[in-house]
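Working notes, structure below.
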Amino acid sequence: MWCRHQALYLYSGANPISYADPFGLLTGVTVWHPGGWGESSFGHLSVDIDINGTTYSFGPSGMTVMSTAAYNELNGFREGMELQLNLTDSQEAALQAYLSRYRVPYDPAYNNCATPVQRGLAQSGIDTGHQMLPVSLGNQLIDMGLVKGVVDHPPTRSATGSSAPWAR
Amino acid sequence: MGKIISIFGAVVIAIFIVVGLYLAFRSVAALRQGYSWKEMDWNNDGATSISEFFAASDIGVRSVIVNGKKCRQFYAYKDGLPVKTDCPL
């Protein structure tokens, strides 16, 4: 039976003690659970460069850059599913550089949280198409075989408020 | 021609009903958050607009400690980032 914790060890060759992140190349794309009734009801997506390093999150207030630990704590009101991508050094550097200089105004339909990630990956030759929703980009990354491991970030505190039917 | 107009009219009415239902549900969700009208002034410009009222359905609240004081921090469900922080005087 598949256990989600087994996914943690895929990249390290199923031997996390001897081969934990042997190249330090992992990049995490976290798909956060939706909530509320507005644009948040379609979820959110953030990028963790060098797992547990720096998180890039694009939203209505622009690109936020902060430590992944601090960002995950702020999002502890909901579950997140981190898809670990095994990028090369140059691909990761290109993605990080692109996200760092991203200044295009946010638009929920045409330039949302998933857009800079897709465009950043495209800089490295990874074409994910035009995925409008965070979860559709996550599914696309899985379908393309780019995901080497999955880490679940369970909620650390109870959520408040109600959610739209499509956000549950 | 009359049939086309009636179909067009039905589509327009259906759109109004869907939008109206969405706004009604969102209003109830905003009210159920339990925020005061003054608290929903998310941009701190001194007045709460209708759009700020609707935005309340996408904003949660958590307790944080700022300079040793227990404060209420409002945060966006979208990305978890703080919208504003209210501390007791």
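Not measured: the values here are computed from a predicted model. First the proteins, then the strands, lettered A, B, ... as listed; each starts at 1.
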(message) Which atoms of A:S46 are under 4.5 Å from chain B, going by heavy atoms: the side chain, the backbone, both sets, or neither?
(response) neither

(request) Return the minimal non-hydrogen interatomic distance between A:R78 and B:K78, and the atom names on each side. (result) NH2-O, 2.9 Å

(message) Could you measure the distance from the CZ atom of A:F58 to the CG atom of B:D79? Nearest 0.5 Å is fine.
(response) 11.0 Å

(message) Hydrophobic cluster membership, with links at side-chain heavy-atom distances under 4.5 Å among I/L/V/M/F/W/Y: are B:Y22 and B:V11 in one?
(response) yes

(request) State yes or no: do A:L121 and A:V150 share one hydrophobic cluster built from I, L, V, M, F, W and Y residues joined by side-chain heavy-atom distances below 4.5 Å, directly or via other members? (result) yes

(message) Within residues 58-75 of chain B, which residues come under 4.5 Å of chain A, heavy atom to heavy atom?
(response) B:D58, B:G60, B:V61, B:R62, B:Y75

(request) Hey, could you give me the CH2/CZ distance between A:W37 and B:F54, rounded to the nearest 0.5 Å? (result) 12.0 Å

(request) Tell me, for A:T160 versus chain B, whether the close heavy atoms (under 4.5 Å) come from the side chain, the backbone, both or neither. (result) both

(request) Write out, in numerical order, the residues from residues 94-113 of chain A with a heavy atom short of 4.5 Å from a heavy atom in chain B. (result) A:Y106, A:C113

(request) Side chain from CB out, backbone as N, CA, C, O: work out which of these in A:F42 comes under 4.5 Å of a heavy atom of chain B, or both, or neither. (result) neither

(request) Identify which of A:S163, A:G36, A:G38, A:A164 forms the greatest number of heavy-atom pairs closer than 4.5 Å to chain B. (result) A:G38

(message) Quick check on B:F53: does its CZ atom have over 12 non-hydrogen neighbours (other residues, nucleotides or ligands) under 6.0 Å away?
(response) yes

(request) Measure B:A76 against the heavy atoms of chain A and call it side chain, backbone, both or neither at under 4.5 Å. (result) backbone

(request) Group every Ile, Leu, Val, Met, Phe, Trp and Tyr by side-chain heavy-atom contacts under 4.5 Å, then state whether A:L137 and A:V147 land in the same group. (result) yes

(request) Determine, using the 4.5 Å side-chain heavy-atom cutoff (strictly less than), whether A:I142 and A:M81 are members of one ILVMFWY cluster. (result) yes

Listed pairs under 3.5 Å, donor-acceptor, residues 126-133 of chain A side chains, sequence neighbours left out:
unit_1 : atom_1 : unit_2 : atom_2 : d
A:D127 : OD1    : A:G129 : N      : 2.9
A:T128 : OG1    : A:Q118 : OE1    : 3.4
A:Q131 : NE2    : A:T128 : O      : 2.9

(request) Give the cluster check for A:F77 versus A:W32: same hydrophobic cluster or not, with ILVMFWY residues linked at side-chain heavy-atom distances below 4.5 Å. (result) no

(message) Sub-4.5 Å heavy-atom contacts with chain A: which residues of residues 33-51 of chain B show up?
(response) B:Q33

